[in-house]
Amino acid sequence: MDRLQGMRVFVRIAEGGGFAGAARALGMSPAAVTRAVAALEATIGARLFIRTTRSVKLTDAGGRYLEDCRRILSEIAEAEAVAAGSTATPTGTLTLTAPVQFGRLYVLPVVTAYLARHPAVSVRALFLDRIVNMIEEGIDVGVRIGHLADSGLSAIRVGSVRRVVCAAPAYLERQGVPETPRDLRDHAVIGSTATGDLPEWRFGTDRRVTVTVHPRLVCNTVDAVLAAALDGWGIARLLSYQVASAVAEGRLRILLDADEAAPVPIHVVSPEGRRAPAKTRAFIDLAAARLRADPRVNPLG
């Protein structure tokens, strides 16, 4: 059995949930589908599926192999399109990543517009509050907030956001308003392991001030920190886009804005740069245009 055909069979089974369904979709006999998977397992030296009378589930090795097969088949489809002279037509599956809340608020609308424009493409959107290894995890394009390390990624800056200190009016009425960053030592602070700035909060651009905070409440998600701040428990430090709606509605108040640090950049990144296939280039172009035009993440417009 041809290796690539075996990969196609494997992906169809994994995505469709069964051998019989894959056989019907591919116009193959159930026996041929079974032989294709057996040949792949023999070549790899690992079991790909756990089969029972009621279900078919991927093994751990099968889950890892599925991501590689999707990427390989997508690249082959792109290469065939290039050879056929259709390099301007995005095809295949685009895998992208972005922070959870930013992805939901700003990247997902770009994704749906992209899918509407390019009917031959499908998208896998991974919204994660961690830095992923794009090459190892088979990701085509990502949106990153923060200063980039020298990772070899191709990057396009599309905007910036501010790191802001905020609290609910109810909290400020009870505890008072901090006038300087050092006043935070006398306040209840909500910490976040997702922001990576504990235990020190840095302020200012020309004259930098560092305050060591001792939060009694530390959360591992932005949503939890935001909920605690909205509940009036204490003072939080988040990115401006994360609190924009609450500030506009008067449910949170930004504090110490004269002492804010320099804005945090937003980039669209890709491991392939100019060699990226049409599906990736088309998404990068659309995302850059949309984000640069959005005043919430690009105050300069």
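Position 1 is the first residue of the sequence, and the numbers go up from there. For clarity, every value in this text was computed on a predicted model and none was experimentally measured.
Looking only at distances, a side-chain donor or acceptor of Arg292 sits under 3.5 Å from a matching main-chain atom of Arg157. Here the side chain of Asp183 pairs a donor or acceptor atom with the backbone of Glu179 at under 3.5 angstrom. At distances below 3.5 Å, not a single donor-acceptor pair connects side-chain atoms of Thr95 with backbone N or O atoms of Ile139. With hydrogens and angles disregarded, a donor-acceptor distance shorter than 3.5 Å links the side chain of Arg174 to the backbone of Gly232. Under the 3.5 Å distance criterion, the side-chain polar atoms of Asn220 are left unmatched by any main-chain donor or acceptor of Thr193. Between the Tyr114 side chain and the Val123 main chain, no donor and acceptor come within less than 3.5 Å of each other. Remark: the backbone N or O of Pro109 is paired with a side-chain donor or acceptor of Thr112 at under 3.5 angstrom.
Taking the side chain as every heavy atom from C-beta outward, Met28 and Arg35 never approach each other to under 4.5 Å. Counting only heavy atoms from C-beta outward, the side chains of Arg144 and Ile131 approach each other to under 4.5 Å. With contacts defined as side-chain heavy-atom distances shorter than 4.5 Å, the pair Val268/Val141 qualifies. Counting heavy atoms from C-beta on, the side chains of Val211 and Arg185 come closer than 4.5 Å. Looking at heavy atoms from C-beta onward, Val121 lies in side-chain contact with Pro90 at the 4.5 angstrom threshold. Residues Leu172 and Pro178 meet the side-chain proximity criterion, which asks for heavy atoms closer than 4.5 Å. Using a 4.5 Å cut-off on side-chain heavy atoms (C-beta onward), Tyr65 and Thr59 make no contact. Counting only heavy atoms from C-beta outward, the side chains of Arg162 and Leu239 never approach each other to under 4.5 Å.
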Working for side-chain contact (heavy atoms from CB on, under 4.5 Å), residues Arg124 and Thr93:
CA-CA 7 Å; Arg124 297 178 61 246; Thr93 299; 3.9 Å; yes
Does Trp201 form a side-chain contact (heavy atoms from CB on, under 4.5 Å) with Val189? I'd like the steps, not just the answer.
CA-CA 11 Å; Trp201 287 2; Val189 170; 3.5 Å; yes
Which is it for Arg182 and Val209 under the side-chain contact (heavy atoms from CB on, under 4.5 Å) test, yes or no, and what are the steps along the way?
CA-CA 9 Å; Arg182 290 186 174 85; Val209 176; 4.0 Å; yes
Verify side-chain contact (heavy atoms from CB on, under 4.5 Å) between Tyr171 and Trp233, making sure each step is shown before the conclusion.
CA-CA 7 Å; Tyr171 172 85; Trp233 193 90; over 6 Å; no
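Looking at every heavy atom in both residues, Tyr241 comes nearest to Pro99 through OH-CB, 4.5 Å. Across all non-hydrogen atoms, the minimal contact from Gly234 to Ala167 is O-CB, 3.9 Å. When all heavy atoms of Pro169 and Gly250 are compared, the pair lying nearest together is CG-O, 3.5 Å. Taking both residues in full, the closest heavy atoms of Leu226 and Gln242 are given as CD2-O, 3.7 Å, listed atom of the first, atom of the second, then distance. Here the closest heavy-atom approach between residue Val161 and residue Arg296 is recorded as CG1-O, 4.5 Å. Counting all heavy atoms, side chain and backbone alike, His267 lies closest to Pro265 at CE1-CB, 3.6 Å.
In summary, Glu41 and Arg47 do not engage in a salt bridge, as defined by a charged side-chain N under 4.0 Å from a carboxylate O. The existence of a salt bridge linking Arg130 and Glu137 is confirmed by a sub-4.0 Å separation between a basic side-chain nitrogen and an acidic carboxylate oxygen.
For Arg237 and Phe203, the positive end sits near the middle of the six-membered ring, less than 6.0 Å away and at most 45° from its axis.
In this structure, CZ on Phe19 lies 4.0 Å from CZ on Arg51, to the nearest 0.5 angstrom. Between the CG atom of Leu48 and the CG atom of Asp60 there is a distance of 11.5 Å, given to the nearest 0.5 Å. Atom CE of Met7 is separated from atom CZ of Arg70 by 13.5 Å, given to the nearest 0.5 angstrom. Interatomic distance, CG of Leu252 versus CD1 of Ile235, reported as 11.5 Å (0.5 Å rounding). Interatomic distance, CD of Gln101 versus CG of Asp129, reported as 8.5 Å (0.5 Å rounding). Here the CG-OG distance, from Leu217 to Ser192, works out to 10.0 Å after rounding to the nearest 0.5 Å.
Leu105 and Val247 end up in different hydrophobic clusters when Ile, Leu, Val, Met, Phe, Trp and Tyr side chains are linked at under 4.5 Å. Under the 4.5 Å side-chain heavy-atom criterion for Ile, Leu, Val, Met, Phe, Trp and Tyr, Leu230 and Val222 are members of the same hydrophobic cluster. Val143 and Leu115 fall within the same hydrophobic cluster, defined by Ile, Leu, Val, Met, Phe, Trp and Tyr side-chain heavy atoms under 4.5 Å apart, directly or through other members. Residues Val56 and Leu66 are members of one and the same hydrophobic cluster, defined by side-chain heavy-atom contacts under 4.5 angstrom among Ile, Leu, Val, Met, Phe, Trp and Tyr. Both Leu94 and Tyr106 are members of a single hydrophobic cluster when ILVMFWY side chains are connected at heavy-atom separations under 4.5 Å.
Thr280 and Ser270 are not linked by any side-chain donor-acceptor pair at a separation below 3.5 angstrom, with hydrogens and angles left out of the test.
Just one of Leu96, Val158, Val269, Ile156 meets the side chain to side chain contact (heavy atoms under 4.5 Å, CB included) condition when paired with Ile284; it is Ile156.
The number of heavy atoms from other shown groups lying within 6.0 Å of CZ (Arg216) does not exceed 12. In Arg253, the CZ atom is not crowded: 12 or fewer heavy atoms of neighbouring residues, nucleotides or ligands sit closer than 6.0 Å.
Here the two rings, on Phe49 and Phe10, have centers that are under 6.0 Å apart.
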